[in-house]
Amino acid sequence: MSSPQRAVSLTTPELPRKAVLQAVGRTIDEWGSRNLRALPWRDTRDPWHILVAEVALQQTQAPRVAERYASLTSALSSPTATVELGKGGVIALWSGLGYNARAVRLHAAAEAIVERFSGVVPSSNDDLRSLPGIGPYTAAAIEAFAFERDVAVYDTNVARVMARAVLGAPTTATHGWQVVSAMVPAGSGWSFNQAIIDVGATLCTARNPQCDACPLRRRCAWKRSGALIDPALSTAGTSRPQGRFEGSARQARGRVVERLRQGSATFRQLHDVTGWEDEAKVRAIVVALIDEGLITRHAANYSLG
DNA sequence: CAATCGTGGAG
DNA sequence: TCTCCAAGATT
């Protein structure tokens, strides 16, 4: 007799009602129609230029990438041009952006596109994910922003909006993505995703959120609950706590690569720029940089690529 | 899965 | 000055 009503699983949190999510989605989209930031990659649908921008945007603030967008897309005008510039050229171009492995992967992605996709950026999620340096976020971003598909992007900004305004509780990347996926207004994937990212980046910020100006202030779950603790503190696995930078391997690696952007150098010169005493430790990071394809050695000289 | 991977601006 | 963290991906 006991007919199973509905399967409630502890590992599969329920989604808020679809109608509610759709209403929130339209509210965000409408706000975006009047408040989107003027960012250069929003004026194109060139899949390669958007791919370049999205890779540069990984863990790097939009205003910093915006300053570099023109020079990046000029030097990396197409997958073919990127391949021809060479890996070292792309790494050199990446100066100041951080996370130099992204330059290596961007060059590799260009090669893959030329070799496997005839130089045309693929549009399916699986094909995009098969490219070096293109993960869950970036693949969805290219689908939505270059091909205007109604998919949801899920980055640190969206994660905050989900945890705070929509759910009012900490969540996981998987669940948060399911929730936002149900919010995308049909036919408005491009504008909705741009809008929700901007809500997170300009209003629902990590620190000191501007709730008074938020289009969701009326229905914000966090605000309505009156909770003092921020639901977005340890949420979504989109942004992880970072170790101390001063004196770290990351700092020394960055100095080595930056030095090589000026031209080739000897080990002694690389050792000097690290500011480290222990030569063995410097040798270790140089070996690692070679293994990772960031630098090469010709006889006694090191260079990019 | 937790650690690793740069650099710079904001508070 | 110092801490936090930013349109994540990879191993």
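By convention in this document, chain letters (A, B, ...) are assigned in the order of the sequence lines, proteins followed by strands, and residues within each chain are numbered from 1. Just so it is clear, the model here is predicted, and its values are computed rather than measured.
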Ignoring hydrogens and angles, answer whether the base of B:dT7 and the side-chain atoms of A:R64 contain a donor-acceptor pair closer than 3.5 Å. yes

Pair A:R105, A:N100 - check side chain to side chain donor-acceptor pair (under 3.5 Å), show working. CA-CA 9 Å; A:R105 295 178 189 140; A:N100 298 310; over 6 Å; no

For a quick check of understanding: with a heavy-atom distance under 4.0 Å over all strands, which category does A:W94 fall into, base, sugar-phosphate or nothing? nothing

Taking only N and O in the side chain of A:T60, is any of them less than 4.0 Å away from OP1 or OP2 of C:dA6? no

For the CZ atom on A:R218, are there more than 12 heavy atoms of other groups (residues, nucleotides or ligands in this structure) within a distance under 6.0 Å? no

Among the nucleotides C:dC4, C:dA7, C:dG8, whichever has the atom closest to the side chain of A:R207 is C:dC4

C1'-based separation of B:dG8 from C:dT1 [nearest Å]: 16 Å

Would you say a side-chain N or O of A:R160 is under 4.0 Å from OP1 or OP2 of C:dA6? yes

Whole-angstrom distance between B:dC5 and C:dC5, as gauged at atom C1': 15 Å

Which part of the nucleic acid does A:I50 contact within heavy-atom distance under 4.0 Å: base, sugar-phosphate only, or nothing? nothing

Go through C:dA7, B:dG6, C:dC5 for me and flag the one nearest to the A:R42 side chain. C:dA7

I need the CD-C1' distance between A:Q58 and B:dT7, as an integer number of Å. 15 Å

Sorted by number, the residues of residues 120-138 of chain A with heavy-atom contact under 4.0 Å to DNA chain C: A:P132, A:G133, A:I134, A:G135, A:P136, A:Y137, A:T138

Rounded to the Å, how far apart are A:Q194 CD and C:dA7 C1'? 9 Å

Return no unless some side-chain N or O of A:Q59 is found under 4.0 Å from OP1 or OP2 of C:dG8. yes

Between A:I196 (CD1) and C:dA7 (P), how many Å, whole number? 14 Å

How many whole angstroms separate atom CG of A:D198 from atom P of C:dA7? 10 Å

If you assign A:N208 and A:L97 each to the DNA chain B nucleotide with the nearest heavy atom, which residue ends up on the more 5' nucleotide? A:L97

Contact class for A:A141 vs. all strands (heavy atom < 4.0 Å): base, sugar-phosphate, or nothing? nothing

Euclidean distance for C1', C:dA7 against B:dA3 (whole angstrom): 22 Å

Roughly how many Å is it from CD in A:Q210 to C1' in B:dG11, rounded to a whole number? 12 Å

Kindly check if the number of other-residue, nucleotide or ligand heavy atoms within 6.0 Å of CZ (A:R224) is above 12? no

Going by distance alone, is a donor N or O of one side chain under 3.5 Å from an acceptor N or O of the other, for A:R129 and A:T138? no

Can you name the nearest heavy-atom pair linking A:L294 to A:A101, along with the distance? CD2-N, 4.3 Å

Nearest whole Å is fine: how far is B:dG8 P from A:R255 CZ? 11 Å

For A:R250 and A:Y99, test the side chains for any donor-to-acceptor distance below 3.5 angstrom and give the result as yes or no. yes

Report the distance from atom CG of A:L270 to atom CG of A:N301, rounding to the nearest 0.5 Å. 9.5 Å

Does A:Q61 get its side chain close enough to the base of B:dA10, under 3.5 Å, for a donor-acceptor pair? no

With under 30° as parallel and over 60° as perpendicular, where do the rings of A:Y302 and A:F267 fit, or are they tilted in between? tilted

Between B:dC1 and C:dT11 - C1' atom distance, rounded Å: 10 Å

Reckon A:R253 has a side-chain N or O less than 4.0 Å from the OP1 or OP2 of B:dG6? yes

What integer distance in Å separates A:R105:CZ from B:dT4:P? 15 Å

Distance below 4.0 Å between A:R244 side-chain N/O and C:dT3 OP1 or OP2: yes

Is there a donor on the side chain of A:R102 or the base of C:dA7 sitting less than 3.5 Å from an acceptor on the other? no

Can you measure A:I142 atom CD1 to C:dG8 atom P for me and round it to whole angstrom units? 14 Å

Cut-off 3.5 Å, side chains only: do A:R102 and A:Q58 have a donor facing an acceptor? no

